[in-house]
Amino acid sequence: MRVATWNINSLKARLDRLLAWLETAEPDVVCLQELKCADADVPIEAISAAGYDTASWGLGRWNGVAILSKVGIADVRRGISGQPAFGDETEPRAITATCGPVRVQSLYIPNGRDVADPHFPYKLAFLKALAADAAADAAGDLPFAAMGDFNICPTDDDVWDVDEWPGTTHVTKDERDALAAVQAAGLADVFPRPLKHAHPFTFWDYRNLDFPKNRGLRIDLALANPAFKAAVTDAYVDRNERKGKGASDHAPLVVDLDL
DNA sequence: ATGACGTTGCCTCAACGA
């Protein structure tokens, strides 16, 4: 089976491209982030017509996550245990479901904005809660993967140029340590192959010709438990989806499984 | 070709992204 994760930067604005990509890539399960719409505005009919069930958690113009599945959606859970709120709002940044033989989590980790911004400790707190929350699924026999936009470059190789990257967030030791703690719970990075160039970047800023110049980041990850990892036959970043008019600034990360 | 930022809300600009 084929499982993917994609930060689509607005479900409404990207719907036509999403539907076209579902038809060509034929994933069985897709984790989406940055829906930027409320649950009531999720176009479940169009997605259903493409053959997918939808589980979503969206509140409005910011954040929002979903899981699409051709193989059923069961045991849906919104959020994570101990999820920190920002201000008085618990933001829609995690949804988990069992889809056929796998359990997947669609994650949109807070950006952090700047190391001096309140969003930065919020990001670290979210990751700390995630590490604790993931331990049970990580240790289980059911293939499980926490997938999504982690907003962290795990290593300097995951940045197009760490010297030129205006590196406050995404590359700090605190963030990488917090990510390592999630992995230490029993989740391994499913490292994808790039379709072009040396590094499997998943994000390129819209500005400054970053995509044509391959000034990218690898911030979208699939962290898998041993049962999921053992079933992986291939993983790649579909950078072709970053091309053309109306693209998201992220490309899908696709994982193939012998399941 | 992949081309100089895009999306949303109530909006004519601000907030946000990474």
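So you know, we letter chains A, B, ... as the sequences are listed, proteins then strands, and number each from 1.
Summary of the strand contacts: A:Cys37 and A:His250 both lie near DNA chain B, and taking for each the nucleotide with the nearest heavy atom, the more 5' one is attributed to A:Cys37. If you find the closest nucleotide of DNA chain B to A:Ser10 and to A:Tyr206, the one lying nearer the 5' end belongs to A:Tyr206.
Here B:dG17 is the nucleotide among B:dT2, B:dG17, B:dA15 with the atom lying nearest to any side-chain atom of A:Arg113. In the set B:dG17, B:dT2, B:dA4, B:dA4 carries the atom at the smallest distance from any side-chain atom of A:Leu209. Checking B:dT2, B:dT7, B:dG9 against every side-chain atom of A:Asn9, the shortest atom distance belongs to B:dT7. Here B:dA18 is the nucleotide among B:dA18, B:dT2, B:dA15 with the atom lying nearest to any side-chain atom of A:Leu217. Residue A:Lys12 has its side chain nearest to B:dT8 when only B:dT2, B:dC5, B:dT8 are considered. Comparing B:dT7, B:dG17, B:dA4 against the side chain of A:Lys36 picks out B:dT7 as the nearest. Considering only the side chain of A:Ala13, B:dT7 comes nearest among B:dA15, B:dC5, B:dT7.
B:dC5 and B:dC10 have their P atoms separated by 26 Å, with the value rounded to a whole Å. Atom name C1', nucleotides B:dT12 and B:dT7: the rounded distance is 16 Å, in whole Å. Using atom P as the reference point in both B:dC16 and B:dT2, the two lie 34 Å apart (nearest Å).
Nucleic acid contact class of A:Asn111 (heavy atoms, under 4.0 Å, all strands): base. Nucleic acid contact class of A:Lys123 (heavy atoms, under 4.0 Å, all strands): none. Using a 4.0 Å heavy-atom cutoff across all strands shown, A:Tyr108 reaches sugar-phosphate atoms only and no base atom. Note on A:Asp149: only backbone sugar-phosphate atoms sit closer than 4.0 angstrom, heavy atoms only; bases stay farther off. Residue-level contact check: A:Trp204 touches neither bases nor backbone, having no heavy atom under 4.0 Å from any strand. Within the 4.0 angstrom heavy-atom criterion, only backbone atoms of the sugar-phosphate kind lie near A:Gly244; the bases stay farther away.
Using the six-membered ring where Trp is involved, A:Phe201 and A:His199 have ring planes that are parallel, under 30° apart on the 30 and 60° scheme. Relative orientation of the A:Trp204 and A:Phe211 rings is perpendicular, given thresholds of 30° and 60° on the angle between their planes.
Of the candidates A:Arg176, A:Lys173, A:Arg218, A:Asp156 forms a salt bridge (Lys or Arg N to Asp or Glu O under 4.0 Å) with just one, namely A:Arg176.
A distance-only check finds a donor-acceptor pair linking the side chain of A:Asn225 to the backbone of A:Phe228 [under 3.5 Å]. With hydrogens and angles ignored, the 3.5 Å screen pairs a side-chain donor or acceptor of A:Asn151 with a backbone N or O of A:Ile109.
For A:Lys245 against B:dT2, no side-chain N or O and base N or O form a donor-acceptor pair under 3.5 Å.
OP1 and OP2 of B:dG6 both lie 4.0 Å or more from every side-chain N or O belonging to A:Arg14.
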